Protein chains: 2
Amino acid sequence: MSQQDFVPLYVRIQRYLLDEIAAGRLSEGDRTPSEPELASKFATTRATVAKAFQQLVYEGVIVRRAGSGTFVARPAMSAPIDLSRVRSFEEQLADRGAIIDYEVVAFDSHMPTPLEIEALHLRKAETVFRLDRLRVVSGERMSLERRVIPGELGRRMTPIMIRTKSIHRILDEDFGLPVLRVEGSIRAGVAKGAIADQLAVKRGAPVLIRDYVLLSADRRPLVRGESFYREDFHIDYVVQQELRDR
Amino acid sequence: MSQQDFVPLYVRIQRYLLDEIAAGRLSEGDRTPSEPELASKFATTRATVAKAFQQLVYEGVIVRRAGSGTFVARPAMSAPIDLSRVRSFEEQLADRGAIIDYEVVAFDSHMPTPLEIEALHLRKAETVFRLDRLRVVSGERMSLERRVIPGELGRRMTPIMIRTKSIHRILDEDFGLPVLRVEGSIRAGVAKGAIADQLAVKRGAPVLIRDYVLLSADRRPLVRGESFYREDFHIDYVVQQELRDR
DNA sequence: CATGATTTGTCCGTATGTATG
DNA sequence: GCATACATACGGACAAATCAT
């Protein structure tokens with residue numbers, strides 16, 4: 001409380017724009033007010049408006065074209081894999097103002113398959129939990145995630161946790177087990193049966209499938225997951241060579 | 001190519017800093033010159049230096065602390081495998097003993113689309129080359145790659161190069177332009193028309209689609225690509241968090 | 001096709017506030 | 001307290017890209 005809750009003007013301008021988008025008054029492809037218009041509206045200068053815009057460009061919210069204007073970018077149907085940090089894509093989307101809901105499809109326990117024993121380094125007799133959730137971003141079904149969780153951890157998950165938080169956050173905040181490493185694999189496949197139904201796509205529609213294991217600091221596998229993404233979803237990534245040494 | 005060699009001052013400042021880091025004169029944790037110092041060095045104002053810094057902050061190259069200074073951030077990612085290093089898929093496969101051949105489907109020039117101008121930062125009148133190749137791994141058609149190459153580079157590519165080498169290797173070995181950064185996006189789609197034929201899969205079969213831009217050391221876009229992979233192909237990745245201080 | 005209005009891109013110079021050591 | 005460094009903001013200027021007329 002020692003600090004005043006001062007909000008920089010350029011942040012207030014960003015919030016104004018994000019609100020306009022969230023409220024639907026600005027949609028994909030629409031032109032935003034110009035720099036002079038916003039400068040006048042907020043009683044400031046173009047430089048400040050430009051700064052507000054610049055960050056939103058970096059976050060992929062808007063695109064700008066000289067001589068033309070500033071436009072709302074396509075909706076955030078993407079999950080950046082920022083290889084410099086292990087963050088769940090929920091966090092990354094939340095940074096951009098998206099609203100994420102979960103719809104729990106199944107949460108129960110069973111005996112692990114040999115594949116699951118291998119992936120999670122389980123003892124044979126240890127039961128595991130299965131958690132199937134639909135991830136809904138800003139009202140749209142985006143993906144179906146299937147998780148296999150060791151009994152030890154699964155027993156401690158409450159209904160509230162699994163309805164509201166990403167697995168990353170549950171592991172970190174509730175269990176004190178931050179995810180330090182993700183090993184995964186991405187491939188294409190077709191939606192069939194239950195998966196097609198739950199994603200609300202036609203059977204035979206293409207889906208992006210991501211298999212992964214979340215690992216803790218000591219390289220212990222924490223959770224195995226399989227996520228199915230609709231065709232209109234994409235995963236963004238950046239790979240960069242180290243500049244140092246050499 | 002003479003008229004428009006203008007490089008914004010803030011970009012030149014960024015390149016200066018990136019060079020200092022690449023050359024090892026600045027390492028992880030080192031303090032960079034301050035805003036006034038750089039402003040003086042480049043005969044500009046603090047505002048311009050601040051803008052140069054701001055983008056590097058967003059890209060994770062530096063961190064800034066008010067009252068303290070600007071510091072070189074920890075190396076972005078330490079992922080030991082796969083995507084964390086900038087290698088082409090060819091190299092990764094070759095490591096495992098696979099034999100890679102290319103079958104050139106098309107190599108011609110055309111005027112760039114607006115999308116290509118945007119992605120490659122082209123001038124409008126500059127023609128670009130299109131290179132379509134099938135990647136054949138151990139006798140099996142694995143993927144179709146479509147590349148868009150600025151005329152300047154495309155004109156220097158010989159038939160032998162494009163029949164035998166990955167784009168990464170051509171850029172590095174033949175043009176002295178190593179790829180230091182890849183920005184891409186992965187999604188699922190269906191094979192249709194020419195793509196299905198060339199991949200030798202049924203129309204409607206799922207394919208993995210990867211869009212990307214290869215960038216050089218100074219962040220200039222070199223090549224834009226779109227690759228289509230058959231259903232049985234998968235992309236492995238590892239993301240790992242650095243353990244360091246905080 | 002030319003031209004002017006609009007819009008963003010870049011840059012200058014100045015000023016004040018806040019955090020750090 | 002003090003100097004240094006970054007954070008935010010003001011106001012003005014010209015250039016380049018775009019688009020409607």
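Values below: all heavy atoms of this structure, side chains included; hydrogens, waters and symmetry mates excluded. We name chains A, B, ... by the order of the sequence lines, and we start the count at 1 in each one. Values in this document were obtained by computation on a predicted structure and should not be read as measured data.
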Quick check for you: among C/dC11, D/dA9, D/dA5, whose closest atom lies nearest to any side-chain atom of B/Leu9?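 In terms of side-chain proximity for B/Leu9, the closest of C/dC11, D/dA9, D/dA5 is C/dC11.
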
Picking from D/dA17, D/dC6, D/dA9, which would you name as closest to the side chain of B/Arg64? D/dC6

Gap between atoms [atom1] and [atom2], on [X] and [N] respectively (whole Å):
X       : N      : atom1 : atom2 : answer
A/Glu35 : D/dC14 : CD    : P     : 18 Å
B/Arg31 : C/dG21 : CZ    : P     : 11 Å
B/Phe71 : D/dT4  : CZ    : P     : 16 Å
B/Ile62 : D/dA7  : CD1   : C1'   : 14 Å
B/Arg65 : D/dC6  : CZ    : C1'   : 12 Å
B/Lys51 : C/dG13 : NZ    : P     : 17 Å

Does A/Asp30 reach the main-chain N or O of A/Ser27 with its side chain, forming a donor-acceptor pair under 3.5 Å? yes

Which residue pairs pass the salt bridge (charged side-chain N to carboxylate O under 4.0 Å, His left out) test when at least one of the two sits in residues 13-22 of chain A, sequence neighbours left out?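 Output for this query lists A/Glu20-A/Arg25.
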
Return the set of residues passing side chain to side chain donor-acceptor pair (under 3.5 Å) with B/Ser143 (not counting sequence neighbours), or none when no residue passes.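 By the side chain to side chain donor-acceptor pair (under 3.5 Å) rule, B/Ser143 matches B/Arg135.
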
Just jot down the side chain to side chain donor-acceptor pair (under 3.5 Å) partners of B/Lys51, sequence neighbours excluded, or say none. none

Polar atoms only, N or O, under 3.5 Å: list the protein pairs with nucleotides 1-4 of chain C and their distances.
none

Position toward the 5' end of DNA chain D (nearest nucleotide), A/Val11 or B/Gly69: B/Gly69

If you find the nucleotide of DNA chain D closest to A/Gln55 and the one closest to A/Gly67, which residue's nucleotide is nearer the 5' end?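 So the residue in question is A/Gln55.
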
Hey, does the side chain of A/Thr70 come within less than 4.0 Å of C/dT7's phosphate (OP1/OP2), counting only N and O?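 No, A/Thr70 has no side-chain N/O under 4.0 Å of OP1/OP2 on C/dT7.
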
Can you tell me if A/Tyr10 touches the phosphate of D/dT8, counting only side-chain N or O atoms and a distance under 4.0 Å to OP1 or OP2? yes

Please list residues of residues 36-47 of chain B whose heavy atoms come under 4.0 Å from any atom in DNA chain D, ordered by number; otherwise none.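 Residues of residues 36-47 of chain B that come under 4.0 Å of DNA chain D are, in numerical order, B/Pro36, B/Arg46.
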
Would you call B/Glu103 and B/Arg163 a salt bridge, taking side-chain N to carboxylate O under 4.0 Å as the test?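 Here B/Glu103 does not pair with B/Arg163 in a salt bridge, since their nearest N and O are not under 4.0 Å apart.
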
Can you confirm if the aromatic rings of B/Phe53 and B/Tyr10 lie within a centre distance of less than 6.0 Å? no

Can you list everything that forms a salt bridge (charged side-chain N to carboxylate O under 4.0 Å, His left out) with B/Arg224? Sequence neighbours excluded, please.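 Result, salt bridge (charged side-chain N to carboxylate O under 4.0 Å, His left out) vs B/Arg224: none returned.
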
Any B/Phe228 side-chain heavy atom under 4.5 Å of B/Arg146 side chain: yes

Closest non-hydrogen atom pair, B/Ile162 against B/Val104: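 For B/Ile162 versus B/Val104, the nearest heavy atoms are O-CG2, 3.7 Å.
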
